[in-house]
Amino acid sequence: MILKCRKCHEPAVVNMRQHKLPLCAAHFLEWIPEQTQRTIEKYRLFTRTDRVLVAVSGGKDSLSLWDILKQLGYQADGMTLQLGIDEGLQYSDQSHHFIEKFIGDFWPGSILHTVDVKSAYGESIPEVARRTDRGNARPCSVCGLIKRHEMNRLAHELGYDVLVTGHNLDDEASVLWSNVLNWQIDSLVRQAPILPADRPGLARKAKPLCRCYERDMAAYAVLRGIAYIYDECPFALHATSLQHKAALNDLENKHAGAKLQFYLGFLNARERGLFTLPEEDAPALRTCERCGQPTGTTAGLCTFCRLWDKKQAVVK
Ligand code: AMP
Ligand code: FES
Ligand code: ZN
Ligand code: ZN
């Protein structure tokens with residue numbers, strides 16, 4: 001049986017089983033921005049007078065997000081971090097190529113801020129991971145640290161009201177799954193579609209795609225004609241986050257909507273105060289003497305700044 005679009009009865013190209021909603025391409029391309037707008041309003045992420053900085057990686061989620069925000073009339077500029085990851089795939093160069101192509105094809109004249117980690121700090125991600133013990137042969141943890149720091153720095157220094165990332169429902173549900181499996185209470189308290197700029201040096205952060213399934217975001221990019229980098233980061237191939245995603249997909253295949261329900265149930269519980277810590281349990285944060293960002297470390301410098309100090313010691 002051919003499924004028909006719920007809105008116009010033409011043949012459907014996408015069937016969102018979690019919403020029991022088959023749609024044709026044209027109506028699907030309208031529905032995703034509408035859903036994003038609903039998320040922005042429901043969780044009060046930002047408004048059309050805010051200056052928004054979109055962190056773009058060259059992947060389907062962040063490029064689609066930038067596209068959707070532009071269509072919805074938001075003042076959205078882009079930022080990207082050149083990580084210097086090659087691994088025989090020219091991963092970082094490819095990623096940058098797709099971002100440039102997206103701008104040229106869809107939104108010429110858009111502002112893109114680029115930070116090249118090697119030019120700015122002297123080492124690419126694989127280089128800094130090899131030098132430090134944080135990498136454990138895999139650079140993902142040091143990479144995450146650098147990304148978080150640099151995204152926050154740029155948003156803050158350039159005076160943007162909010163930094164947005166392309167995290168989708170599958171990302172959020174798998175992080176939630178992991179936080180629950182390990183009962184990471186502090187992480188559960190912080191996991192939300194919006195993080196306020198409640199400390200000096202901190203930018204406001206939002207995830208407008210947190211209710212959109214990853215496969216729907218892929219469909220959006222393809223149907224809209226956005227070319228994006230298909231490959232996962234070569235270092236992430238065996239990451240536990242991918243295993244968690246696979247486990248949740250198994251569940252989803254048996255029970256359509258399970259992933260969405262898991263995440264939205266958590267957000268509802270959060271709104272009702274189930275995941276708040278008493279004031280006295282809030283981690284004591286200091287301000288880094290060098291970069292001014294909040295830090296949980298007791299020394300004067302944050303972990304990011306200490307990363308490059310160690311380099312000085314090696315070079316000398
Ligand atoms: P990931 O952690 O790779 O799943 O990426 C999550 C989100 O972080 C993406 O949707 C982007 O918004 C952002 N992001 C990841 N890598 C980069 C990068 N190299 N430059 C800018 N933003 C990035
Ligand atoms: Fe950072 Fe893969 S190690 S994106
Ligand atoms: Zn239709
Ligand atoms: Zn610092």
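Ligands are counted one by one from 1 in listed order, and the atoms in each one are counted from 1 as well. This is a predicted model, so every value here is computed, not measured.
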Peer 1: Quick check: is Y74 connected to I103 through a chain of hydrophobic side chains (ILVMFWY, heavy atoms under 4.5 Å apart)?
Peer 2: yes
Peer 1: May I ask you to list the atoms of ligand 1 that are less than 4.0 angstrom from any heavy atom of S62?
Peer 2: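 By the 4.0 Å cutoff, the relevant atoms are 10 (O), 11 (C), 12 (O).
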Peer 1: Nearest protein heavy-atom contact for atom 2 (Fe) of ligand 2: which residue, which atom, what distance?
Peer 2: C233 SG, 2.1 Å
Peer 1: Distance to 0.1 Å, residue and atom name: give those for the protein heavy atom nearest to atom 1 (Fe) of ligand 2.
Peer 2: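 Checking every protein heavy atom, the shortest distance to atom 1 (Fe) of ligand 2 gives C143 SG, 2.1 Å.
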Peer 1: Going by the order shown, which atoms of ligand 1 are within less than 4.0 Å of some heavy atom of T80?
Peer 2: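 Heavy-atom distances to T80 below 4.0 Å select 20 (N), 21 (C).
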Peer 1: Looking at atom 3 (O) of ligand 1, what's its closest protein heavy atom, distance included?
Peer 2: K147 NZ, 3.8 Å
Peer 1: At what distance is the nearest protein heavy atom to atom 7 (C) of ligand 1, and which residue and atom is it?
Peer 2: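 So the nearest neighbour among protein heavy atoms is H167 CE1, 3.8 Å.
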Peer 1: T165 heavy atoms, cut-off 4.0 Å: which ligand 1 atoms fall inside?
Peer 2: 12 (O)
Peer 1: Going by atom types alone, do S110 and K70 pair a side-chain donor with an acceptor below 3.5 Å?
Peer 2: yes
Peer 1: Decide whether Q75 and Y160 meet the rule of one side-chain donor and one side-chain acceptor closer than 3.5 Å.
Peer 2: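 Their side chains do not contain a donor-acceptor pair, so the 3.5 Å distance test is not met.
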Peer 1: Can you tell me how far OG1 of T303 sits from CZ of R306, rounded to the nearest 0.5 angstrom?
Peer 2: 5.0 Å
Peer 1: Would you kindly confirm whether L195 and L202 end up in one hydrophobic cluster when ILVMFWY residues are joined by side chain heavy atoms under 4.5 Å apart?
Peer 2: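 Not linked; separate clusters.
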Peer 1: Do any N or O atoms from the side chain of N168 and from the backbone of Y213 form a donor-acceptor pair under 3.5 angstrom?
Peer 2: no
Peer 1: Within 2.8 Å of the Zn ion (ligand 3), is there any N, O or S atom belonging to H9?
Peer 2: no
Peer 1: Indicate whether atom 1 (P) of ligand 1 is within a distance of less than 4.0 angstrom of some protein heavy atom.
Peer 2: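 No.
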Peer 1: Which single N/O/S atom of H27 lies at minimum distance from the Zn ion (ligand 3)?
Peer 2: ND1
Peer 1: Considering only the protein, which heavy-atom contact is closest to atom 14 (N) of ligand 1, and what is its distance?
Peer 2: M151 CE, 3.6 Å
Peer 1: What protein heavy atom lies closest to atom 17 (C) of ligand 1? Include the residue and the distance to one decimal.
Peer 2: S57 CB, 3.5 Å
Peer 1: Ignoring hydrogens and geometry beyond distance, is a side-chain donor-acceptor pair present between E214 and N249 at under 3.5 Å?
Peer 2: no
Peer 1: Y121 and E150: side-chain hydrogen bond (donor to acceptor under 3.5 Å, both in side chains), yes or no, with the steps?
Peer 2: CA-CA 11 Å; Y121 298 99; E150 288 299 281; 2.8 Å; yes
Peer 1: So which bit of Q82 gets within less than 4.0 Å of ligand 1, heavy atoms only: side chain, backbone, both or neither?
Peer 2: neither
Peer 1: Within the structure, does at least one protein heavy atom fall under 4.0 Å of atom 5 (O) of ligand 1?
Peer 2: no
Peer 1: Quick one: does ligand 1 sit under 4.0 Å from the side chain of V56, the backbone, both or neither, non-hydrogen atoms only?
Peer 2: backbone
Peer 1: Give the residue, atom name and distance (to 0.1 Å) of the protein heavy atom nearest atom 9 (C) of ligand 1.
Peer 2: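 For atom 9 (C) of ligand 1, the nearest protein heavy atom is G166 N, 3.9 Å.
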Peer 1: Which angle, to the nearest 10 degrees, do you find at the Zn ion (ligand 3) between SG in C5 and SG in C8?
Peer 2: 110°
Peer 1: Among all protein heavy atoms, pick the one closest to atom 19 (N) of ligand 1 and tell me residue, atom and distance.
Peer 2: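 Heavy-atom neighbour on the protein nearest atom 19 (N) of ligand 1: L81 O, 3.0 Å.
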Peer 1: Indicate whether the side chain of T295 and that of R286 have a donor and an acceptor atom separated by less than 3.5 Å.
Peer 2: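 Judged by distance alone, the side chains do not pair up.
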Peer 1: May I ask you to check whether D67 and Y220 show a side-chain donor-acceptor distance below 3.5 Å?
Peer 2: yes
Peer 1: Measure the distance from atom 12 (O) of ligand 1 to every protein heavy atom, then report the residue, atom name and distance (to 0.1 Å) of the closest one.
Peer 2: A55 O, 2.6 Å
Peer 1: Distance alone, cut at 3.5 Å: any donor-acceptor contact between the side chains of S62 and S57?
Peer 2: yes
Peer 1: Can you tell me if W31 has over 12 outside heavy atoms packed within less than 6.0 Å of its CH2?
Peer 2: yes
Peer 1: Would you kindly say whether Q293 and N152 are connected by a side-chain donor-acceptor distance under 3.5 Å?
Peer 2: yes
Peer 1: Out of all atoms in ligand 1, which are within 4.0 Å of some heavy atom of M79? Include the element for each.
Peer 2: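 The atoms of ligand 1 under 4.0 Å from a heavy atom of M79 are 21 (C).
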Peer 1: Is there an N/O/S atom in C140 that lies less than 2.8 Å from atom 2 (Fe) of ligand 2?
Peer 2: no
